[in-house]
Enquirer: 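Below you'll find the structure I mean.
Values reported hereafter were calculated over all heavy atoms of this structure, with side chains retained and with hydrogens, waters and symmetry mates removed. All ligand and atom numbering here is 1-based and tracks the order in the structure.
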Amino acid sequence: MQKRKAIALFSGGLDSTLAMKLMIDQGIEVLACNINTGFGATRDRREHMQNMCDQVGAKLKVIDIQSEYLQQVLFSPKHGYGKHFNPCIDCHAKMFEVAKRIMEGEGADFLVSGEVLGQRPMSQNGDALNTVLNEANVEGLLLRPLSAQRLEPTIAETEGWVDRDKLEGIQGRSRDRQMELVEKFGITDYESPGGGCLLTDANFAIKMNDYIKHDDKFEIQDIPMLKWGRHLRLPDGAKLIIGRQQDENEKLQEIVNDKFIHIKTDGIPGPHCLLSKDASEADKAFAARAILTYCKTNPEQEYKLDFDGESIQVQPLASRAEAAKYSIL
Ligand code: SF4
């Protein structure tokens with residue numbers, strides 16, 4: 001019999017891993033596609049994803065859709081946003097659309113996802129799932145092995161490529177059945193579900209909204225800017241980002257964004273900072289003074305800072321409270 005191939009939407013989480021395992025155990029070849037919107041977890045999860053794929057025997061492919069996501073989904077979701085900046089229904093539809101494109105390119109037969117009916121309020125209830133399927137034009141092609149027995153049979157089942165009786169009928173938020181499957185399959189090192197998407201984070205939404213209100217068109221290079229540091233909007237409108245700990249300083253140092261300059265303290269230990277390139281002279285001076293209040297400094301003394309090669313010498317503000325007035329969080 002011809003070996004059938006499925007494209008799985010793979011988040012790196014447990015449910016999509018289990019969904020793939022249920023397929024592989026039925027003799028289906030699975031390509032795990034992780035779609036990178038730019039707003040996933042702040043840490044690099046590739047090693048973790050590879051580990052999960054290795055455990056179940058799927059190949060991993062990471063697909064970058066950041067540009068397409070910014071242009072078509074994030075700022076104009078047809079179905080609106082969830083609680084924060086998360087356009088979950090449109091986001092899912094986009095992911096299925098991309099997965100279908102890959103399916104066609106790879107000559108695969110159907111799609112698989114780890115969605116569970118009724119598990120999440122906005123994106124995974126029955127109506128939302130149907131909307132997503134219609135919009136991505138994947139009706140009948142998408143098999144959701146964890147809830148399949150509660151859903152209409154898909155092409156993979158009606159064609160006999162997959163035995164529906166060996167699929168699951170999970171519904172709701174309980175994780176009991178998933179835990180039984182973990183035990184049965186011997187899966188280890190998995191992550192707990194939920195979390196990971198910055199668009200569902202309240203603080204991230206505040207930073208996004210502030211950015212859109214004050215800055216130029218939002219671009220891919222702006223995504224990392226919003227992931228780390230303390231964010232301030234200065235009196236003349238410039239944005240100042242101040243690293244809070246060592247790991248944030250390191251991340252901020254790596255940022256390449258032609259709308260921002262890097263600022264370092266000169267001669268004293270201090271946070272790594274970024275400031276809007278078009279900051280007014282007054283905002284530059286304020287930024288320098290604000291940054292110094294986050295260093296071990298004496299308010300009576302002057303210190304030097306390096307603004308991308310330009311040296312500025314100022315005293316710190318009298319207190320952090322003066323800087324905090326402009327904090328957006
Ligand atoms: S949580 Fe994030 S990644 Fe998941 S559907 Fe919503 S917006 Fe997309």
Enquirer: Are Lys21 and Phe185 in a cation-pi setup, meaning NZ or CZ lies under 6.0 angstrom from the ring centre and within 45 degrees of the ring axis?
Expert: yes
Enquirer: Any N/O/S of Cys197 under 2.8 Å from atom 8 (Fe) of ligand 1?
Expert: no
Enquirer: Before accepting this row, confirm whether a basic side-chain N of the pair Asp308/Lys277 lies closer than 4.0 Å to the acidic partner's carboxylate O.
Expert: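 So Asp308 does not pair with Lys277 through a salt bridge.
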Enquirer: For ligand 1, indicate whether the residue Cys88 contacts it via side chain, backbone, both or neither (heavy-atom separation under 4.0 Å).
Expert: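 The answer is both.
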Enquirer: Would you mind telling me if ligand 1 is within reach of the side chain of Thr200, the backbone, both or neither, using heavy atoms under 4.0 Å?
Expert: side chain
Enquirer: Closer than 4.0 Å to some heavy atom of His92 - which atoms of ligand 1 meet that?
Expert: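 Taking each heavy atom of His92 in turn, ligand 1 has 5 (S) under 4.0 Å.
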Enquirer: In this structure, is the centre-to-centre distance between the rings of Phe286 and Tyr326 below 6.0 Å?
Expert: yes
Enquirer: Numbering the atoms of ligand 1 from 1, which are under 4.0 Å from a heavy atom of Cys91?
Expert: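 Answer, ordered by atom number: 3 (S), 5 (S), 7 (S), 8 (Fe).
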Enquirer: Flag the pair Lys94 and Glu135 as a salt bridge only when some basic side-chain nitrogen lies within less than 4.0 angstrom of an acidic carboxylate oxygen.
Expert: no
Enquirer: Looking only at non-hydrogen atoms, find the nearest pair between Lys239 and Asp215 and report the distance.
Expert: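 The answer is CD-OD2, 4.1 Å.
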